[in-house]
Number of protein chains: 2
Amino acid sequence: MNESSENGKISRKEREFLMRRNEIMAAAMRLFAGKGFHNTTMSEIAKEAEFSTGSLYNFFKSKEALYLTLLREEIEKIEADVRVRKDQAKGPAEKLEAVVDSLIDYFEANRDFFKIFSMHQDHFEWPMKGELAQVVRAKYLSFIAELVEVFKQGIAQGAFKAHEPEELALCFMGVMNSFLFLWIETEPKGTLREKKPVILDIFYRGSAKG
Amino acid sequence: MNESSENGKISRKEREFLMRRNEIMAAAMRLFAGKGFHNTTMSEIAKEAEFSTGSLYNFFKSKEALYLTLLREEIEKIEADVRVRKDQAKGPAEKLEAVVDSLIDYFEANRDFFKIFSMHQDHFEWPMKGELAQVVRAKYLSFIAELVEVFKQGIAQGAFKAHEPEELALCFMGVMNSFLFLWIETEPKGTLREKKPVILDIFYRGSAKG
DNA sequence: CCATTCTCTGAACTCTCGTTCATTTTTCAA
DNA sequence: TTGAAAAATGAACGAGAGTTCAGAGAATGG
């Protein structure tokens, strides 16, 4: 009755439901990014999304579910784009560059999500122990795992030094993160994209001169 | 009456007060490191420190104050040691190496604090808007500022590439952090110290081969 | 040994949310 | 137009946690 059984079409009802669901998630993202999970209340989200408190529970069964759904879906978007571009690229260096491109594009379009994203990278206060949290954690780890794979290949093909692939992957995210952080902090001063050469140079060739 | 007026001596009372205060902070550190600020309750801290809930308020005026005091004092310890060793070193590369040494020593002796520390590196917006929070933030920024100074000198003397000193400092912390993170995650597998050459190699010479 | 002061205690208080649900409003097919 | 189903509402509820405080217990000094 709800599902437009079998075929991919969805009814207007369903479309509208998803629209409203997205409104709520967008409002929640703004607030979570600004104040974190614990300092954002459901009624604030409701007000921001122009719904009543109770209505939120027609879309998400709890605050935690709302948060984790948001996180999971957004990571999936990033991951999907990263994977596509990475797989299209040929060599290891090209693949890594594709990852950088993808991340830059995503975060230039979704500033707010960076804060939420990086909160979870560093295990910023870890509120939730439920099943959903595990799913999100798994998602993030699979994202890292793909990076690790790139480095494994890269090492095998002699493009990268023979360090631990995990170490290289984490360091790469560390450098990437540093630039994301600086870019977020210094608001509208320059684009993230123009930092791409610097990011790659530091990560590939290091900081020492000569 | 409390202060041993003027001279540096402190009474036994005061010493005992400080001992108990440290007990509480140590207990709090363990719990905050494990579960974060919001998921650690005052009664848990009290139990861990073998005090009653109410007693904590003889030492700290609030949970927030306890947390921020802990954070501030620990950052000060790190900062002090980093500064001493850095200032003793001659050239920019030696200074940076001294910083690495200092951080490695500190965190090998204080595993727990890493999680708390890294929580605060990227996320300044937090529940707390009080004066203490500002102090902690200032402390952390002054720590970064010293790093930036090292890089400024290093660039001027031709030891580092002419990137933005802030970018180099943040990237350095990013790489350092990645190794700290891996080390913490993989529990007792190897020491942090033995990673020093890798850390420096990646940061100085990058990840690309040849 | 007593009196006073300091310290500890933990139950009670309070306040803040997340969540629920009876009621109202809207939707939409007949 | 109408009435039943779906959606929205927001006041009320309840659980959890930070904080307080009146009384109990130690420590100190005369």
Side-chain angles (χ1 to χ4, degrees), chain A residues 1-4 10-25 27-28 31-32 34-71 125-133, chain B residues 1-4 10-25 27-28 31-32 34-71 126-130 132-133:
Chain A
M1 191 172 285
N2 227 350
E3 295 285 334
S4 329
I10 57 177
S11 65
R12 179 173 61 78
K13 269 270 176 68
E14 288 168 306
R15 272 201 311 279
E16 288 186 349
F17 176 85
L18 288 176
M19 295 291 294
R20 281 174 291 205
R21 188 172 172 278
N22 279 340
E23 287 278 322
I24 292 169
M25 291 210 285
L31 292 170
F32 285 143
K35 314 199 301 172
F37 178 79
H38 287 289
N39 300 300
T40 303
T41 68
M42 287 300 264
S43 40
E44 283 175 308
I45 295 171
K47 179 170 284 184
E48 175 84 10
E50 295 172 82
F51 280 90
S52 70
T53 323
S55 286
L56 301 190
Y57 289 83
N58 293 331
F59 297 90
F60 304 94
K61 80 169 197 302
S62 69
K63 184 189 181 187
E64 193 176 293
L66 163 55
Y67 181 79
L68 290 169
T69 303
L70 170 57
L71 199 59
E125 59 173 333
W126 221 348
M128 322 156 200
K129 323 183 183 70
E131 177 196 348
L132 270 174
Chain B
M1 189 172 285
N2 226 351
E3 295 285 335
S4 330
I10 57 178
S11 65
R12 179 173 60 79
K13 269 272 177 66
E14 289 170 305
R15 272 201 310 279
E16 289 185 350
F17 177 86
L18 288 177
M19 293 294 293
R20 282 173 289 198
R21 188 171 172 280
N22 280 340
E23 288 278 322
I24 292 169
M25 290 210 285
L31 292 169
F32 284 143
K35 316 200 301 171
F37 178 79
H38 288 289
N39 299 302
T40 302
T41 69
M42 288 300 265
S43 40
E44 282 176 309
I45 296 171
K47 178 169 286 183
E48 175 84 10
E50 295 172 81
F51 280 91
S52 69
T53 325
S55 286
L56 301 189
Y57 290 84
N58 293 332
F59 298 89
F60 305 93
K61 79 170 199 301
S62 68
K63 183 187 181 188
E64 193 175 290
L66 164 53
Y67 182 80
L68 290 170
T69 304
L70 170 57
L71 200 58
W126 246 54
M128 328 164 194
K129 324 180 182 75
L132 267 176

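Naming: A, B, ... by sequence-line order, numbering from 1 per chain.
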Side-chain heavy-atom pair [X], [Y] within 4.5 angstrom cut-off:
X: A:N39; Y: B:H38; answer: yes
X: A:F51; Y: A:I45; answer: no
X: A:N58; Y: A:R20; answer: no

Nucleotide [N], atom [atom2] - distance to [atom1] of [X] in whole Å:
X: A:F60; N: C:dG18; atom1: CZ; atom2: C1'; result: 16 Å
X: B:E50; N: C:dT7; atom1: CD; atom2: C1'; result: 17 Å
X: A:M42; N: D:dT9; atom1: CE; atom2: C1'; result: 15 Å
X: A:E23; N: D:dA7; atom1: CD; atom2: C1'; result: 16 Å
X: B:N58; N: D:dC21; atom1: CG; atom2: P; result: 13 Å
X: B:N39; N: D:dG18; atom1: CG; atom2: P; result: 10 Å
X: A:K47; N: C:dC17; atom1: NZ; atom2: P; result: 13 Å
X: A:R21; N: D:dA8; atom1: CZ; atom2: P; result: 14 Å

Given the rule in the ring pair (Phe, Tyr, Trp, His ring centres under 6.0 Å) test, do B:Y67 and B:F60 qualify, once you have shown the distances and angles that lead to the verdict?
-> CA-CA 9 Å; B:Y67 182 80; B:F60 305 93; over 10 Å; no

What nucleic acid atoms does A:F59 come within less than 4.0 Å of, heavy atoms only: base, sugar-phosphate, or nothing?
-> sugar-phosphate

Residue whose closest nucleotide on DNA chain C lies nearer the 5' end, A:S62 versus B:G54 | B:G54

Where the side chain of [X] is defined as all heavy atoms beyond and including C-beta, which of [options] is the nearest nucleotide?
X: A:T41; options: C:dC17, D:dT19, C:dT19; value: C:dC17
X: A:K63; options: D:dG18, C:dG18, D:dA7; value: C:dG18
X: A:S52; options: C:dC28, D:dA8, C:dC8; value: D:dA8
X: A:Y57; options: D:dA7, C:dG18, D:dT28; value: C:dG18

Please check the phosphate of [N] (OP1 and OP2 only) for any side-chain N or O of [X] closer than 4.0 Å.
X: A:S55; N: D:dT9; value: yes
X: A:R20; N: D:dA8; value: yes
X: A:R12; N: C:dC28; value: yes

Would you sort out whether B:F59 and B:M25 count as a side chain to side chain contact (heavy atoms under 4.5 Å, CB included), showing the intermediate values?
-> CA-CA 10 Å; B:F59 298 89; B:M25 290 210 285; over 6 Å; no

